[in-house]
Amino acid sequence: MPKNSKVTQREQSHEHVTESVADLLAHEEPLDYKNSSLNVGGAAGKKVPQIEVPENDGRPAWNSKLQYILAQVGFSVGLGNVWRFPYLCQKNGGGAYLVPYFILLIIIGIPLFFLELAVGQKIRRGSIGVWNYVCPRLGGIGMSSLMVCGFVGLYYNVIIGWSIFYFFQSFQYPLPWSDCPIRKNGTLAIVEPECDKSSATTYFWYRQTLNTTSTIAESGGLNVKMTLSLLVAWIIVCLAVIKGIASSGKVMYFSSLFPYVVLFCFLVRGLMLKGSVDGIAHMFTPKLEKMLEPQVWREAATQVFFALGLGFGGVIAFSSYNKIDNNCHFDAVLVSFINFFTSILATLVVFAVLVENQNAEKILGYLNSNVLSHDLIPPHVNFSHLTTSDYAEMYGVIKTVKEDGFAQLGLEPCVLVDELNKAVQGTGLAFIAFTEAMTHFPASPFWSVMFFFMLINLGLGSMIGTMTGITTPVLDAYKVQKELFTVCCCIVAFFCGLLFVQRSGNYFVTMFDDYSAGLPLTVVVILENVSVAWIYGTKRFMQDLEDMLGFRPCIIYFYLWKYVSPLCLIVLISATVIEMAVSPPGYNAWVQELAQERFQSYPPWALAMCFALIIVAMLPLPVVFIARHFNLMSDGSNKLSVSYRKTMMKDMSNLEEQDEARFILGTKPGEAPIAPARRPYLTPGGNKPMDPNSLSPNSCYGTSYQNAAISPTTPSTPDTPVTPESDS
């Protein structure tokens, strides 16, 4: 055969195989490739197509690393750090609770947080696109995350609405919850009985703010004040996320940093209160026997799990806007420890403020008005630095001497443990206990404005992450206008949120908080862990991380992802199911006649609603699995990011000259093309080369390849054996 004929046949074979590889990797999706020269087998000057994509795939990116870190901190540091962690710390042994919390943060929190950051950054897609790619059958993971984000966002913004209402009520002196209202009956003025039986702050919360009904079955109609507050909350959230990270990133500069300013101010103010040091010392004195109780470890694991926002999709969505070589390992460790120390700071603030001894002020007033004699006060007692033991001694002396008239003095035994045990969690801490403490501060309106503005910003940071977890996967999958879709989401969410601003709405907030997120999110995260560590393969994932980061992460992550984290999550799921089974489903209802809370069981329809929340949130998992197993729905692979395909295609095309010549032509006359041994991407069996023929629709791998069929007319070997030309 003439030499020119050989060259022509070789070029045709080369181009045909190269185009087949390109189609295989790009899933036959048209991309803008660039042309560059490629020497094959020493044939200098021959031009062939090379797989390339534009450097900019059009995906938005963070303006700076600081903006991204603040966004992740704002999402993970939320209201739970302020009103959940301090309660758990006191309940579970003070300083002893920090030990299991820190251990579980290391073995569960950081590895899983790192995993979510890495997959989002590598694949550059939201939660749906990421898990569609890793394993199509488990693509329901992303959809379940989106469902949970929707449920949580509905009631979480109601809490922001409550904070907005209290924020505007704080611009008056005295604060409206500092005293009970007076009811006038003709010439007779009496204190509101409901307030007199409880307290001014409790009455303001349940009656003047929520105007709550006595049961969940009594709707009571819409609460107009709360409806307007919810509308304002959704307008703020909409404006913050309407431009995606371009707008939310700028908001995070303030909303993520301002809470720390307020917490430090409150800490300084709290340390100036009498008894605050005793409260802090008691909090961090470990009760070591508590560490042996399984309940402590379960609650610590649950708090670690939710504190970092695992499974919501917001972490993945935020990291998907990063550069491919960003050091996400550093980000995971940094954000996790910032979250931990924020919880510690909030605990210091809460118990420095709440353990102020108000009875000492009463005794000083009685001494100045000569109701009590100075002889009753032990000489070593210093009211400027009054300890709990000093007060207990005074209390005992006064009670003994003033036995007959002691009840009229209104003094209470200030036992530190009892006072701390009164500390509540959740809305009770923020809207009752803390508001009452602030009424005793000088310039109380200022502190109240600061506190509720802090809560608004904490909630806003978390809501931005939650909304990003909803909008990013949808915008990745469908070509819809970002601004229009965001506005529509907020409008729909506002109308759905009207359920929570009727007079019985507080009980529905409790229901959604208890049932819509806990179990579904735990299942979502364990499936994330299993899909990466056991299906995709921990070794391949570690290699991907090395390619991204430029260094190989510590080997301990291999064992944590593969064994420790799944085992811990299985135990956590089991404990959660057992807890739900043994605990009667119900809620604390405010009984107006008794002016106190009473536990009530859910009626049958509400119980059905509780389980419906769990089922609906987890329903995408089996539905998608079955649908894709029987090829009833596409695998979503055509939604992959251009940048991720670029990484894969460049890795395939960037072969050494010798290996590529062997791949295309064979090394000897008559030898079939041999694919070079190299690390495959998302192929079954981590140590096998990529075999396009093995990428069946039933495989959990190769989601961007499985529909790319190779033409049956494609020759596996050249019709006529050709020999590569030598350089000479």
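Please read these numbers as outputs of a predicted model, since none were measured by experiment.
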**Study point:** Partner residues of D513 under the side chain to side chain contact (heavy atoms under 4.5 Å, CB included) criterion, sequence neighbours left out
**Key:** Y155
Check your understanding: How would you list, by chain and number, every residue that makes a side chain to side chain contact (heavy atoms under 4.5 Å, CB included) with W297, sequence neighbours excluded?
Key -> P100, I103, L104
Would [X] and [Y] count as a close aromatic pair, with their ring centres under 6.0 Å?
| X | Y | result |
| --- | --- | --- |
| Y602 | Y587 | yes |
| F151 | Y515 | no |
| F340 | Y101 | yes |

Has [X] got a side-chain atom pairing as donor or acceptor with [Y]'s backbone, closer than 3.5 angstrom?
| X | Y | result |
| --- | --- | --- |
| N457 | F453 | yes |
| T538 | A533 | yes |
| S144 | A617 | yes |
| W234 | I491 | no |
| Q303 | E299 | no |
| N223 | L210 | yes |
| S145 | G311 | yes |
| N339 | S76 | yes |
| W131 | G126 | no |
| W561 | P111 | yes |

Are [X] and [Y] close enough that a side-chain donor and a side-chain acceptor fall under 3.5 Å?
| X | Y | value |
| --- | --- | --- |
| R628 | N132 | yes |
| T342 | N81 | no |
| Q502 | S219 | yes |

Report all side-chain donor-acceptor pairs from residues 563-573 shorter than 3.5 Å, counting only partners two or more places apart or in another chain.
residue, atom, partner, partner atom, Å
S565, OG, I107, O, 3.2
S565, OG, L560, O, 3.1

**Study point:** Inter-residue atom distance I160.CD1 - I456.CD1, 0.5 Å rounding
**Key:** 8.5 Å
Does [X] reach the side chain of [Y], with side-chain heavy atoms less than 4.5 Å apart?
| X | Y | value |
| --- | --- | --- |
| Y478 | F485 | no |
| M467 | C490 | yes |
| V304 | F113 | no |
| N322 | C328 | no |
| L545 | F114 | yes |
| T466 | F75 | yes |
| P520 | V524 | no |
| N326 | Y321 | no |

Check your understanding: Does the side-chain contact (heavy atoms from CB on, under 4.5 Å) test come out yes or no for V315 and L310, once each step is laid out?
Key -> CA-CA 7 Å; V315 172; L310 298 174; 5.5 Å; no
Looking only at heavy atoms, what is the nearest atom pair of [X] and [Y], with distance?
| X | Y | answer |
| --- | --- | --- |
| V148 | S516 | CG2-O, 4.0 Å |
| Y253 | S64 | OH-OG, 3.3 Å |
| G120 | S319 | CA-OG, 3.4 Å |
| V158 | L154 | CG2-O, 3.4 Å |

Review point. Would Y260 and V77 satisfy side-chain contact (heavy atoms from CB on, under 4.5 Å), going step by step from the backbone distance to the final call?
Key: CA-CA 11 Å; Y260 291 96; V77 175; 3.8 Å; yes
Practice item. Apply side-chain contact (heavy atoms from CB on, under 4.5 Å) to the pair F611 and V616, showing each step before the final yes or no. Key: CA-CA 9 Å; F611 290 108; V616 170; over 6 Å; no
Check your understanding: Taking 4.0 angstrom as the limit, do D331 and K65 come out as a salt bridge?
Key -> yes
